[in-house]
Amino acid sequence: MTNQAERISLKHLLSVEVLSDLEVMGLIHRAQEFKQGAKWEPEKEQYFATNLFFENSTRTHKSFEVAERKLGIETIEFEESKSSVTKGETLYDTVLTMSAIGVDVAVIRHGDEHYYDELIESRTIQCGIINGGDGSGQHPTQCLLDLMTIYEEFGTFEKLKVAIVGDITHSRVAKSNMQMLKRLGAKVFFSGPREWYTEEFEVYGRYLPLDELVEQVDVMMMLRVQHERHDGEESFSKEEYHQKYGLTEARAEKMKKNAIIMHPAPVNRDVELADSLVEAMQSRIITQMSNGVYIRMAILEAVLTGRS
Amino acid sequence: MTNQAERISLKHLLSVEVLSDLEVMGLIHRAQEFKQGAKWEPEKEQYFATNLFFENSTRTHKSFEVAERKLGIETIEFEESKSSVTKGETLYDTVLTMSAIGVDVAVIRHGDEHYYDELIESRTIQCGIINGGDGSGQHPTQCLLDLMTIYEEFGTFEKLKVAIVGDITHSRVAKSNMQMLKRLGAKVFFSGPREWYTEEFEVYGRYLPLDELVEQVDVMMMLRVQHERHDGEESFSKEEYHQKYGLTEARAEKMKKNAIIMHPAPVNRDVELADSLVEAMQSRIITQMSNGVYIRMAILEAVLTGRS
Amino acid sequence: MTNQAERISLKHLLSVEVLSDLEVMGLIHRAQEFKQGAKWEPEKEQYFATNLFFENSTRTHKSFEVAERKLGIETIEFEESKSSVTKGETLYDTVLTMSAIGVDVAVIRHGDEHYYDELIESRTIQCGIINGGDGSGQHPTQCLLDLMTIYEEFGTFEKLKVAIVGDITHSRVAKSNMQMLKRLGAKVFFSGPREWYTEEFEVYGRYLPLDELVEQVDVMMMLRVQHERHDGEESFSKEEYHQKYGLTEARAEKMKKNAIIMHPAPVNRDVELADSLVEAMQSRIITQMSNGVYIRMAILEAVLTGRS
């Protein structure tokens, strides 16, 4: 790492897998600079961002909003139920409108996978697109804040052992994390309900029983049980899940001395991990949320710079 | 037009018809200055605007918001369903509250025609009112941005031929446009379903079959089929409407070389006009949206200046 | 009152009763300074506030928003129905998130009494809490703006006679007002439906028939009939309430020459008081709303100062 982070320019941020290692590390380093108080020196006097969240969110939405304000960007909020979407206006025409009225960058969370394809192909839409989550597709800013939090802790990804535990099949970010972690030199393992681990993950890492894994890894990355994406097909109660696949207090005690706990949140307390562990010493869950602001500042800067 | 636009002062903006030609042209010229980068020099250090939208909107609402931010005005958003309106508080008492807490100007869209009468008669309400649409009454800022877009294109209204096509009966803005265009020297024509053209419009212009009109006019102003204001009484399908009364690709080819296409949006693509025409060379629909920001800056400035 | 108001520091503002007289008067004097144009000189370059309103509100919510902007604080709005609360996230974890992403102070209105206890006990939540109303518990900022309005009018609380009239049992603020007014030297009386006056209020003041009271007091503080908190158990119509317990025009004429009318609003016009009295000369209802902005500026300043 040089004294000053390599400045990354992006046209959009849709997926983390398409980023080069240099781009990923550049964004992480820049986020660290922002965390230490660095300022953005914008080229234009005033920038406009809009946050188009078609799915509910607290962390992603609000940390983008804080990131925008910290950069001095004007935020235009959008409420689907109060908009012309209720008159049948499409996502395309909504973003076209935002572009036409002067919005420079649109942060979008939408239920449709690859919703952004038609937006970036448009000759008329002028604004950058930052993907805040597309259905069960990508959630690149969550992946980048996870990577930042790990890098900040250990100073490297090389040879780190990372366990990804839980609802892997339904997790947008687990799929990005396994790919990126492997690419950056970490060793990935999986655990959780066996039926949520499928062959497609084997190329990234092995499935191991949780009690074996917990003693070996540097990072316990617990995934949210996404009750809202399942249809009640789970065959176990919350208590059963916690005992079988959750990070109980007993299991946490077996973790390595410097190992950390991560979770994208919102946490189902006493399901994925014990209530007492959420804010415990070895937890980095609060840090993940804080880092989310700084990585999003780096991404916004990269996209706004990349377009001017 | 002098080097600098005549500065217009307004107490409120409720209707476009009550404006003098000087006021209309002053607002248009000032909007053009803003488009070229002019800045507002406010008298007070801080101004507050509130956007009270009791009907759904993307373009009008969000372009007011952008206009406010570009002028450096603080925007106080209002969500009817989260407000004391749910406890029975009236529009009058809501605006009175906004005035009492320091709001200088209220942009209001409300379903009741002439909702603003009691507001502007109040001795206690101190804030200016800008009408963002009152039921099927007025929508003055849309009319002014349409006029601006035409003026910007042709440099004059004199002898311009403008076709207003479609759902004239239900269009707030069509009624303003026909009056203002006639007053400013343009020649207005109508087309669309015959039953949506009534005797009251005869004073402003003639009804002509669409295929005859399309070859003659400088401006094809297509109106939105307001499905949400009809009660399913239409006797034609979307395809039928497009073929009979819409701007098809075939019809667009017969347009004069310098003629332009306008639409207030949201467009029902392939109904009022062919999908491919929305973002075509001769379309000014994106320009209308962009101009909406600048004309609203001019209006906000005129009202805030007019009250201090 | 010295030339400059004593600067008050608070960790949180949860209840008005725990404040010392010095703190109450310090906040009132500081609010008066803000009303006269005083500026805040913040220690940090940028502060963030979030307004978490889980119950509907216009006045409290929007005057906090104006107060924040007047102090130059960035406001992060929160919409419960668009947040992870819909996925089961608790108030605690929502505030924890806001704290983690950099919010300095959270203004919260929530239906649960003492919702704030677990928030202020948290070692992890870093932000100050300002109580914007907790169920039928406390509403300290309303009480303080009432006190400010009375003090501004009479320059003292000593020996002032204040009538609190109406739905005392269901009023968060009536209970705070009776305690604080008595403590600061005023003489409190009660009126309204007899069944809404219970023994617990006797220590603060006597119940008197309205027609007797109206001639004697300096302040007629009318309370809102909270239809939304009753379950239709009222045994009188709106007209009956007005005639029996409301401030009719006839009763208002019997008020002392310098006596004032107050109401927390929203007013049920022609129920608690005659429509014509809301904006009358002797009414301070508009002033209460205006003062609400200034007292909230003083509170925000006190909490932000108290935490840095």
Side-chain angles (χ1 to χ4, degrees), chain A residues 42-54 56 61-62 65 68-69 71-108 110 118-127 304 308, chain B residues 34-35 37 39 51 53-75 77-82 109 145 224-229 238 263-269 271 275 278-281 283-294 296-297:
Chain A
E43 290 178 33
K44 283 202 302 179
E45 199 182 325
Q46 198 177 32
Y47 285 91
F48 285 87
T50 189
N51 301 320
L52 305 175
F53 278 71
F54 292 87
N56 295 342
H61 189 166
K62 295 298 142 179
E65 206 175 321
E68 290 155 6
R69 305 293 179 83
L71 291 172
I73 299 168
E74 300 286 345
T75 301
I76 301 296
E77 286 298 330
F78 172 80
E79 177 75 46
E80 182 187 355
S81 67
K82 304 282 287 174
S83 77
S84 295
V85 171
T86 59
K87 304 174 195 166
E89 187 157 38
T90 60
L91 175 66
Y92 181 90
D93 281 334
T94 301
V95 178
L96 182 60
T97 300
M98 290 294 185
S99 168
I101 65 176
V103 164
D104 300 287
V105 60
V107 177
I108 306 178
H110 195 281
E118 58 169 0
L119 305 179
I120 61 168
E121 282 159 15
S122 167
R123 288 171 307 108
T124 326
I125 292 175
Q126 296 294 315
C127 54
L304 289 172
S308 58
Chain B
F34 280 129
K35 193 168 183 175
K39 300 268 173 241
N51 301 320
F53 278 71
F54 293 86
E55 292 192 327
N56 296 340
S57 161
T58 296
R59 256 155 299 278
T60 307
H61 188 166
K62 295 298 143 181
S63 68
F64 262 115
E65 206 174 322
V66 171
E68 290 156 7
R69 305 292 179 83
K70 276 182 181 272
L71 292 172
I73 298 169
E74 300 285 345
T75 301
E77 284 299 330
F78 173 81
E79 177 75 46
E80 182 187 354
S81 68
K82 304 281 287 175
R109 170 172 287 189
L145 77 86
R224 175 175 167 79
V225 178
Q226 304 207 45
H227 302 297
E228 64 276 12
R229 292 191 192 268
K238 290 178 176 191
H263 189 293
V267 178
N268 296 302
R269 288 170 181 258
V271 181
D275 180 37
V278 176
E279 297 157 69
M281 282 291 288
S283 164
R284 291 296 172 275
I285 299 174
I286 312 291
T287 311
Q288 284 174 279
M289 295 195 258
S290 305
N291 285 346
V293 172
Y294 301 110
R296 287 174 179 119
M297 289 174 76

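For the numbers below, each heavy atom of this structure counts, side chains included, while hydrogens, waters and symmetry mates do not. Letters A, B, ... are given to chains in the order of the sequence lines, protein chains preceding strands, and every chain is numbered from 1. Predicted, not measured: the structure shown is a model, and the values here were computed from it.
Put simply, the side chain of B/Arg296 does not reach to within 4.5 Å of the side chain of B/Lys70, judged on heavy atoms.
For the set B/Ala67, B/Ser290, B/Gly292, B/Ser63, the count of heavy-atom pairs under 4.5 angstrom toward chain A peaks at B/Ser290. In terms of non-hydrogen atom pairs under 4.5 Å with chain A, the most contact-rich of B/Ile286, B/Val66, B/Val293 is B/Val66. Among the candidates B/Met289, B/Arg69, B/Glu65, the residue making the largest number of heavy-atom pairs closer than 4.5 Å to chain A is B/Arg69.
Proximity to chain B is absent for every atom of A/Thr90, based on heavy atoms less than 4.5 angstrom apart. B/Glu79 touches chain A through its side chain: at least one heavy atom from C-beta onward sits under 4.5 Å away, while N, CA, C and O do not.
Between B/Glu279 and B/Arg269 there is a salt bridge, with a side-chain nitrogen of the basic residue lying less than 4.0 Å from a carboxylate oxygen of the acidic one.
No side-chain donor-acceptor contact under 3.5 Å links A/Thr97 to the backbone of B/Arg59.
Nearest heavy-atom pair across A/Gly102 and A/Phe48 is O-CB, 3.8 Å.
By the 30° and 60° cut-offs, the orientation of the rings of A/Phe54 relative to A/Phe78 is tilted.
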